[in-house]
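Notes follow the structure.
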Amino acid sequence: MSKKKFYVVWNGRKKGVFTSWKVCKAQIEGFDGAQYKSFANLDEAEIASKGNYNDYKGKDTKKKKLSSAEKEKIGKPNLESISVDAACSGNPGKMEYRGVFTHNKQQIFLKGPFDKGTNNIGEFLALVHGIALLKSKNKEHIPIYSDSKIAMSWVKKKQCKTNMHFDAANKDLLELIKRAEKWLKENTYKNPILKWETKAWGEIPADFGRK
């Protein structure tokens with residue numbers, strides 16, 4: 001069953017919030033300069049209808065936001081931690097990854113760009129880099145946040161389960177992956193690896209801001 005959507009028309013034959021696409025379409029189809037957008041939540045749609053279309057243009061408004069009760073249940077992130085993330089231009093494409101202090105976004109490490117990489121590979125390498133760095137500094141009590149369930153599962157399995165084809169262009173990346181897997185198999189760590197709750201907290205502090 002498709003999720004219920006709510007449609008805001010800022011500029012059309014009739015303006016306001018509509019609960020069906022058919023009715024919304026009648027207001028904007030063939031209307032010069034029509035301004036409209038769909039929302040996942042009625043409250044958000046009603047707030048948006050009182051604002052300006054340009055404030056919502058280009059933004060993803062289709063994902064339902066968490067309620068205050070849901071956010072309260074999730075709680076707040078542990079700021080005494082580090083956060084890691086990766087960015088990739090294309091799939092595959094030029095990939096880089098980094099780690100930052102969660103509380104102030106101060107960068108701790110940055111690696112790349114690497115040719116012919118993927119976001120998942122970057123997230124995996126970032127996690128292992130963060131774990132190894134904290135272990136070397138005897139800070140195994142500090143949690144590490146990642147917003148990638150895939151990378152977290154790869155670290156747990158001690159294997160980067162990518163289907164990436166490696167050749168001369170990305171052989172250095174393959175070497176990094178092998179080193180990371182070897183480190184995981186030969187070392188133990190106590191740092192909690194935690195999921196960053198993007199819906200509740202916004203983008204992870206290590207985010208490259210290129211979305």
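Atom CZ of Phe208 sits about 10.5 Å away from atom SG of Cys88, to the nearest 0.5 Å. Interatomic distance, Ser148 OG to Trp196 CH2, rounded to the nearest 0.5 Å: 15.0 Å. Distance NZ/Lys158 to CD/Glu181: 12.0 Å, rounded to 0.5 Å. Atoms OH and OH, from Tyr7 and Tyr36 in turn, are 10.5 Å apart once rounded to the nearest 0.5 Å. Residue Asn54 holds its CG atom at 6.5 Å from CD of Gln35, rounded to the nearest 0.5 Å. Taking CG from Asn187 and CD1 from Ile131, the interatomic distance works out to 10.0 Å, rounded to the nearest 0.5 Å.
Hydrophobic clustering (side-chain heavy atoms under 4.5 Å, transitive across Ile, Leu, Val, Met, Phe, Trp, Tyr) keeps Leu194 apart from Leu133. Residues Ile108 and Val155 share a single hydrophobic cluster, defined by chaining ILVMFWY side chains whose heavy atoms lie under 4.5 Å apart. Linking Ile, Leu, Val, Met, Phe, Trp and Tyr whenever their side-chain heavy atoms come within less than 4.5 Å leaves Tyr56 and Phe18 in two separate clusters. Leu127 and Tyr189 fall within a single hydrophobic cluster, where Ile, Leu, Val, Met, Phe, Trp and Tyr are joined by side-chain heavy atoms under 4.5 Å apart, directly or via other members. Under the 4.5 Å side-chain heavy-atom criterion for grouping Ile, Leu, Val, Met, Phe, Trp and Tyr, Phe101 is connected to Ile193 within one hydrophobic cluster.
Here the side chain of Thr102 pairs a donor or acceptor atom with the backbone of Ser81 at under 3.5 angstrom. Looking only at distances, a side-chain donor or acceptor of Arg98 sits under 3.5 Å from a matching main-chain atom of Ala206. When atom types are taken as modelled, the side chain of Glu140 and the backbone of Lys190 share a donor-acceptor pair closer than 3.5 angstrom. Side-chain N or O atoms of Asp207 include none that pairs as donor or acceptor with a backbone N or O of Glu203 at under 3.5 Å. Using modelled atom types, no side-chain atom of Glu96 and backbone atom of Leu110 make a donor-acceptor pair closer than 3.5 Å. Remark: side-chain polar atoms of Asp147 are not paired, donor with acceptor, to backbone N or O of Ile204 under 3.5 angstrom.
Listed by chain and number, the residues in a salt bridge (charged side-chain N to carboxylate O under 4.0 Å, His left out) with Glu80 amount to none (sequence neighbours excluded). Judged as a salt bridge (charged side-chain N to carboxylate O under 4.0 Å, His left out), and not counting sequence neighbours, Asp43 has no contacts. Applying the ring-ring contact (aromatic ring centres under 6.0 Å, His included) criterion to Phe109, with sequence neighbours excluded, gives His129.
Lys195 NZ: more than 12 foreign heavy atoms inside a 6.0 Å radius. Few gaps surround NZ on Lys185; more than 12 heavy atoms of other groups in view lie less than 6.0 Å from it. At most 12 heavy atoms of other shown residues, nucleotides or ligands fall within 6.0 angstrom of atom NZ in Lys25.
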Donor-acceptor list for residues 8-15 side chains, cut-off 3.5 Å, not counting sequence neighbours:
residue	atom	partner	partner atom	Å
Trp10	NE1	Ala48	O	3.0
Trp10	NE1	Gly51	O	3.4
Asn11	ND2	Gly33	O	2.8
Arg13	NH1	Ala26	O	2.9
Arg13	NH1	Gln27	O	3.4
Arg13	NH1	Glu29	O	2.9
Arg13	NH2	Glu29	O	2.9

Which atom pairs, one a donor and one an acceptor, fall under 3.5 Å between side chains of residues 168-177 and the rest of the protein, sequence neighbours left out?
residue	atom	partner	partner atom	Å
Asn170	OD1	Asp167	N	2.8
Asn170	ND2	Lys116	O	3.1
Asn170	ND2	His165	O	3.3

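Smallest separation of non-hydrogen atoms from Gly130 and Ile144: C-CD1, 3.7 Å.
The shortest side-chain heavy-atom distance between Val84 and Tyr145 does not fall under the 4.5 Å cut-off. Side-chain atoms of Pro92 and Met164, non-hydrogen and from C-beta on, do get closer than 4.5 Å to each other. Inter-residue side-chain proximity for Lys137 and Leu134 is flagged as unmet; no heavy-atom pair is nearer than 4.5 Å. For the pair Ile121 and Met95, the minimum side-chain heavy-atom distance is below 4.5 Å. With a 4.5 Å cut-off on side-chain heavy atoms, Phe6 and Asn41 do not count as touching.
Centroid-to-centroid, the aromatic rings of Phe124 and Tyr97 stay 6.0 Å apart or farther.
Other residues sharing a hydrophobic cluster with Val100 under the 4.5 Å side-chain heavy-atom criterion for ILVMFWY residues do not exist; the residue is a singleton.
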Take Thr188 and Lys135 through the test side chain to side chain contact (heavy atoms under 4.5 Å, CB included) and record every step on the way to the result. CA-CA 9 Å; Thr188 59; Lys135 186 178 179 71; 4.1 Å; yes
